[in-house]
Number of protein chains: 2
Amino acid sequence: MPSTPSRLPCLPVAVDVVALTVRDGSLNVLLVTRLIDPFKGRLALPGGFVTSGEDVGEAASRELAEETGVERVPGHLEQLATYGPKGRDPRGDVLTVAHLLLAPDFPVLVAGSDAEHADWFPVAEALGGTLALAFDHERILRDAVERARSKLEYSPLAAAFCGEEFTIGQLRAVYEAVWGTRLDPRNFHRKATGTPDFLEDTGRVSSGDAGRPAALFRLADRARAEPGRAVLNPPLMRPRPL
Amino acid sequence: MPSTPSRLPCLPVAVDVVALTVRDGSLNVLLVTRLIDPFKGRLALPGGFVTSGEDVGEAASRELAEETGVERVPGHLEQLATYGPKGRDPRGDVLTVAHLLLAPDFPVLVAGSDAEHADWFPVAEALGGTLALAFDHERILRDAVERARSKLEYSPLAAAFCGEEFTIGQLRAVYEAVWGTRLDPRNFHRKATGTPDFLEDTGRVSSGDAGRPAALFRLADRARAEPGRAVLNPPLMRPRPL
DNA sequence: AGGATTATTGTCAAGGTGACGATAATACGG
DNA sequence: CCGTATTATCGTCACCTTGACAATAATCCT
């Protein structure tokens, strides 16, 4: 049984998860509608308080599973940053450890109206102010998107948005959605296939889509083992935002 | 008066600071000798518990000032990551928000033997196991060094290790100390002076050292305003570790 | 079958990097 | 005072990567 040292100053500690995915060519974020105060009825990042005996990463994983109804949420989960504890919750000081999930577009279970349920929303709307997120969640989302954008430059994490196997075109679509830019398919193909320890040809090809069938790739073992490592070296350069 | 919401699970929250500097051509870290249990007598990162009414960044700043005896510690302070709360403190669950300070080599006040005082130690020794840091501080230090190394690749933060004004040679010495490599002085000079929004020539020159006097530079306004922004684009590439 | 669409392979010029020569300007030892 | 050691700065050159874009291949759709 985990003990809590007494006689030490103590704070409520929460975790929040910014779960990002690519849907219909644009970046989306998982949000829940709050059923209780504070911010009752407003949209917020999925999250909750850390319970005793778990590390913050485990708490983030647990909350994500609880609020999506998905037992083993796919994708890459990493810690983002810690916010607070001052002035971010009307109930008082609350520290929150934000996490970032980069995941393929998985279906969330839509619960009945009596349970808090999560759904995907375009990041552009969430940051546009039209959705009015609870707490400081808009700021956290903004940081998360920036982190995701810069991670794609040098790490193999774009693949976390795809399934186990994917085509170069799908991978490029991830970059275009996250960066909000267009990339030249030919130059992207050259960089993606030419980078050592990044992709592995499965030998199979995709089918059913429009156009010529594309070769299916998966992450190289090295890239899967260390998802944060800089394999794109020199990095893939992010073009002008327009 | 900041309130703490009741009826919420609660954790002791600490901050730790990995303060790095360059001394005698090698990377050093600020450590304190613990005067109380747990880990009494062992070396540890400066840090302490977050007190009510302050954000974690403020707490890190305050602890740093308290343990060094320096009122306004110079350099660049940023959040590193959050660790725990499970299994890192023998007293029980304690969450710690680690911070990273990149600073010029400032003198620490050496207090009497009855007060906890900080001093600089070579990172190589601290990570070599010879110093046996308290808690999970060796792991935190390892992460901090890796963060610092990668930040130098694309951000102007190397200048945080220097004073207000510095020569290209001093800046290069920072890179060599942090990365543990040698860099070609001519190519480094070309990259440093050729990168827009990075350095600003002060017009003055250094003197007194060996060799030809060097031009003194300072950080460009743009780089000082956003110390984390990627100005080195494409990044400065880190050579083989040996 | 013909057109549309996406994948892949190349070509080429421009820009950045790594390796290294050459010169400049100062401190120091004799 | 002079030659030497040391560090700063400027240049050169081959090589690599990128950005722009032509050309061909292999499917789907109508």
Side-chain angles (χ1 to χ4, degrees), chain A residues 25 152-154 162 165-177 179 181-218 230-242, chain B residues 25 152-154 162 165-177 179 181-218 230-242:
Chain A
L152 291 211
E153 293 181 11
Y154 59 88
C162 302
E165 299 186 353
F166 47 88
T167 69
I168 302 287
Q170 290 167 351
L171 192 64
R172 177 167 49 82
V174 167
Y175 275 90
E176 295 183 332
W179 284 352
T181 63
R182 308 292 294 179
L183 296 176
D184 184 282
R186 296 153 297 188
N187 293 337
F188 183 85
H189 187 280
R190 177 179 55 194
K191 178 75 173 179
T193 57
T195 299
D197 293 327
F198 184 22
L199 301 182
E200 221 169 56
D201 197 331
T202 64
R204 264 172 301 177
V205 295
S206 75
S207 66
D209 308 306
R212 170 176 170 180
L216 281 169
F217 291 83
R218 79 169 132 275
V231 290
L232 285 300
N233 197 310
L236 194 48
M237 238 118 60
R238 166 158 39 152
R240 213 81 357 267
L242 237 168
Chain B
L152 291 211
E153 292 181 11
Y154 58 87
C162 302
E165 299 186 353
F166 48 87
T167 69
I168 302 286
Q170 291 166 351
L171 192 64
R172 177 166 50 84
V174 167
Y175 276 90
E176 296 183 331
W179 284 352
T181 63
R182 308 293 294 178
L183 296 176
D184 184 280
R186 297 155 293 192
N187 293 336
F188 183 85
H189 188 280
R190 178 180 55 193
K191 178 76 173 178
T193 57
T195 298
D197 293 325
F198 184 21
L199 301 182
E200 220 168 56
D201 196 331
T202 65
R204 264 172 302 177
V205 295
S206 75
S207 66
D209 309 306
R212 170 176 170 179
L216 281 170
F217 291 83
R218 79 169 132 272
V231 290
L232 285 301
N233 196 313
L236 194 48
M237 238 118 63
R238 161 156 46 148
R240 213 87 349 274
L242 235 168

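Reckoned from all heavy atoms, side chains included, excluding hydrogens, waters and symmetry mates.
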Student: Please determine, for the side chain of Asp184(B), which listed nucleotide (dC20(C), dT27(D), dA7(C)) has the closest atom?
Tutor: dC20(C)
Student: Is any side-chain heavy atom of Thr193(B) closer than 4.5 Å to one of Asp201(B)?
Tutor: no
Student: Looking only at N and O atoms, is any donor in the side chain of Asn187(B) or the base of dA19(C) less than 3.5 Å from an acceptor on the other one?
Tutor: yes
Student: Hey, does the side-chain of Arg186(B) have a donor or acceptor N/O within less than 3.5 Å of a partner on the base of dG21(C)?
Tutor: yes
Student: With a 4.0 Å cutoff (strictly under), does any side-chain N or O of His189(B) reach OP1 or OP2 of dA8(D)?
Tutor: no
Student: So, does Lys191(B) get its side chain near the phosphate of dG16(C), meaning an N or O under 4.0 Å from OP1 or OP2?
Tutor: no
Student: Side-chain donor or acceptor of Arg212(A) under 3.5 Å from a matching atom on the base of dA26(D)?
Tutor: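 By the distance-only test, no, there is no pair.
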Student: With sequence neighbours excluded, what pairs up with Tyr175(B) under the ring pair (Phe, Tyr, Trp, His ring centres under 6.0 Å) test?
Tutor: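 Partners of Tyr175(B) under the ring pair (Phe, Tyr, Trp, His ring centres under 6.0 Å) test: Trp179(B), Phe188(B).
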Student: Could you tell me whether the side chain of Arg190(A) has a donor or acceptor atom within less than 3.5 Å of a complementary atom in the base of dG10(C)?
Tutor: no
Student: From CG of Asn233(A) over to P of dC16(D), roughly how many Å is that when rounded to an integer?
Tutor: 16 Å
Student: Of the nucleotides dG18(C), dT7(D), dG19(D), which has the atom closest to the Ala210(B) side chain?
Tutor: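 Closest of the options to the side chain of Ala210(B): dT7(D).
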Student: Would a 4.5 Å heavy-atom cut-off, applied to side chains only, mark Leu232(A) and Lys191(A) as touching?
Tutor: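 They are in contact (side-chain heavy atoms under 4.5 Å apart), so the answer is yes.
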Student: Nearest nucleotide by nearest heavy atom, which residue falls closer to the 5' end of DNA chain D, Arg172(B) or Gly208(A)?
Tutor: Arg172(B)
Student: With the side chain of Ala215(A) defined as its heavy atoms from C-beta on, choose the nearest nucleotide among dC20(C), dT9(D), dT8(C).
Tutor: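 The answer is dT8(C), which lies nearest to the side chain.
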